[in-house]
Amino acid sequence: MISFVEYPASVNLRRLLTARAMLFTALTCLTALIGQATHGATPLGPVAAIIGALAIITLLTWLRVVAVARPVHPLELPLQLGIDVAALTALLYFTGGWTNPLVSLYLVPIAVAAALLPARTAWAIAVAAVGSYALIALFHVPLEPTHEAMAGTFTLHVLGMLVTFVVAAALIAYFGTSMAAYVRTQARALADAREANLRNEQIIGVATLAAGTAHELSTPLSSIAIAAAEIRDTATPTQRADIDLIVSQIGVCKDILRRLRRAATPAEPIADTQRVGAFIEDVRERFELLRPAVNARFGCDAGAADPHIAADQTLRQAVLNLLNNAADASPRSVECSARCSDRHLMLDIRDRGNGFDISAIASSATSTNGTTEGIGIGLMLANATIERLGGSVHIADREGGGAWVRVKLPLRSYGNAPT
């Protein structure tokens, strides 16, 4: 099942702290430049105290996000933006107020709030920034440069405007691209979720039909078995061999229906643990009972450890569905090989049929013989079952003709856990 990707508040807070570090690093450099250009007219003591206090707050907040395993409160983001507005206001108060070209940096917390916070909170940050702008227009410490610095004041103001624009543009672009990437991720997650929901609806429909069919088939199978036993008593020896085959296949059908009913029982565990070698042998025996006329070759290289996998009834049926697909496409040549590698079981199923119809696979699962009547549903159900157990299914055309299906399943243990 695919879940939506939620953008965690801790990630937003980290981005905000990164942007603050970038912003006030630039402010520190610019303030130092202004102080040098004004020959001491700028009160560097209060300015340094403001920047130092903000650096301490930023460091403590960063440690809180990284080191403390506690979710970020929804009020922390607007509180941090409020701290940014307050610090910028205090800094501008001591450096000329609204005449300082850095006043345009009020746009940065507004843009960040618009990108990260709900509309009401974003408007509150905007009102706070506008109110702070009005306050420093009325109350501020005016810069009084010396006569020697007067000549360069205009140039310094223009340079400050340029740097302010560059810093604001960089920070807004930083948050804008982050938000755009997040929106794209959500769109992909939504598309995947819709596809998964559609597939799950199909699977539920098939499973419901299968459960009902299992109950409906019990009675006619029992009637056929009784009739076959009565006919056998009066049949010729040649006919008895055919009747015995019919009876054995009826037994296989009944066993399948019993497993289907057990799998549909809520008390049934999600997954049993079984050794790889035993699982492959179980699949081989069941497949040979189902398809005795198919020339199938099985191989298993589980290694000396013979690890375990999660092998419930649904996984066995999924592998049998894939084997049946291969047998339908190429009854004279079906190969099934298993090996353990890198903590995974690699199960390869190969045939010499016509291969996969790529155009049909793009819209719906299809069988190796190129048809979509029934067998495509089997492949879809097999893929859903294997994904539920943490595995994956890969399909490809085989060299020399035919199809190749690889099932990759995680191993549960390498020890000697009981089967």
Side-chain angles (χ1 to χ4, degrees), residues 248-249 252 255-256 259 271-356 361 365-369 375 378-379 381-419:
S248 66
Q249 293 301 303
V252 171
D255 183 60
I256 292 173
R259 293 200 305 271
D272 298 324
T273 300
Q274 188 176 19
R275 293 192 182 276
V276 170
F279 172 75
I280 298 301
E281 181 63 19
D282 188 12
V283 170
R284 182 190 66 78
E285 291 177 355
R286 294 187 183 185
F287 182 72
E288 289 179 351
L289 283 174
L290 289 172
R291 310 294 290 266
V294 175
N295 181 20
R297 296 188 298 275
F298 287 79
C300 179
D301 181 13
D306 195 9
H308 294 72
I309 59 171
D312 60 4
Q313 295 293 338
T314 60
L315 178 61
R316 296 183 182 91
Q317 188 59 50
V319 176
L320 286 173
N321 285 343
L322 297 176
L323 287 169
N324 281 325
N325 281 8
D328 291 338
S330 174
R332 294 184 180 181
S333 178
V334 175
E335 300 174 13
C336 178
S337 61
R339 63 183 178 87
C340 298
S341 173
D342 190 26
R343 295 189 176 272
H344 286 86
L345 169 64
M346 302 294 184
L347 181 63
D348 295 316
I349 300 174
R350 300 179 177 90
D351 63 58
R352 287 298 182 187
N354 297 327
F356 288 102
I361 291 174
T366 184
S367 69
T368 56
N369 60 7
I375 301 178
L379 182 56
L381 292 174
N383 181 67
T385 299
I386 292 166
E387 285 185 348
R388 180 177 62 87
L389 296 175
S392 59
V393 178
H394 305 275
I395 59 177
D397 286 331
R398 187 181 180 186
E399 290 186 12
W404 172 27
V405 178
R406 164 163 287 185
V407 176
K408 185 177 180 181
L409 288 166
L411 298 176
R412 283 297 179 92
S413 71
Y414 285 88
N416 296 319
T419 56

Enquirer: Decide yes or no for Arg316 and Phe279: does some side-chain heavy atom of the first lie under 4.5 Å from some side-chain heavy atom of the second?
Expert: yes
Enquirer: Is there a side-chain contact between Arg291 and Asp328 (heavy atoms, below 4.5 Å)?
Expert: yes
Enquirer: Specify the closest pair of heavy atoms between Ala310 and Leu389, including all atoms of both residues, with the distance to one decimal.
Expert: O-CD1, 3.7 Å
Enquirer: Could I get the full list of side chain to side chain donor-acceptor pair (under 3.5 Å) partners for Ser248, not counting sequence neighbours?
Expert: none
Enquirer: Quick one: are Val276 and Leu411 in side-chain contact, heavy atoms under 4.5 Å?
Expert: yes
Enquirer: If I take atom SG from residue Cys300 and atom CG from residue Asp306, how far apart are they, to the nearest 0.5 angstrom?
Expert: 6.5 Å
Enquirer: Considering residues at least two apart in sequence or located in another chain, which fulfil the side-chain contact (heavy atoms from CB on, under 4.5 Å) criterion with Asp348?
Expert: Ser337, Arg350, Trp404, Arg406
Enquirer: Okay, side chain of Arg297, backbone of Cys336: is any donor-acceptor separation there less than 3.5 Å?
Expert: no
Enquirer: Search all heavy atoms of Pro307 against all heavy atoms of Cys340 and return the closest pair with its distance.
Expert: CG-SG, 3.7 Å
Enquirer: Does Arg275 reach the main-chain N or O of His308 with its side chain, forming a donor-acceptor pair under 3.5 Å?
Expert: no
Enquirer: Can you find a pair of side-chain heavy atoms, one from Arg352 and one from Glu335, that are under 4.5 Å apart?
Expert: no
Enquirer: Does any non-hydrogen side-chain atom of Phe287 lie less than 4.5 Å from one of Val319?
Expert: no
Enquirer: To the closest 0.5 Å, what do you measure between CG (Leu409) and CG (Leu315)?
Expert: 5.5 Å
Enquirer: Hey, could you give me the CD/CD distance between Glu281 and Gln274, rounded to the nearest 0.5 Å?
Expert: 10.5 Å
Enquirer: Measuring from atom NZ of Lys408 to atom CD1 of Ile386, what distance do you get when rounded to the nearest 0.5 angstrom?
Expert: 13.0 Å
Enquirer: Donor-acceptor pair, Asn324 side chain versus Leu320 backbone, under 3.5 Å?
Expert: yes
Enquirer: Quick one: do the Gln317 and Arg286 side chains pair a donor with an acceptor below 3.5 Å?
Expert: no
Enquirer: Any idea which heavy atoms bring Pro410 and Gly390 closest together, and the distance?
Expert: CD-O, 3.6 Å
Enquirer: Rounded to the nearest 0.5 Å, how far does CD1 of Ile309 lie from OG1 of Thr273?
Expert: 9.5 Å
Enquirer: Roughly how far apart are Ile349 CD1 and Leu347 CG, rounded to 0.5 Å?
Expert: 5.0 Å
Enquirer: Could you check if a side-chain atom of Leu290 sits within less than 4.5 angstrom of a side-chain atom of Leu323, using non-hydrogen atoms only?
Expert: no
Enquirer: Specify the closest pair of heavy atoms between Ala302 and Gly277, including all atoms of both residues, with the distance to one decimal.
Expert: CB-N, 4.4 Å
Enquirer: Examine distances only and state if a side-chain atom of Asn295 and a backbone atom of Ser333 form a donor-acceptor pair shorter than 3.5 Å.
Expert: no
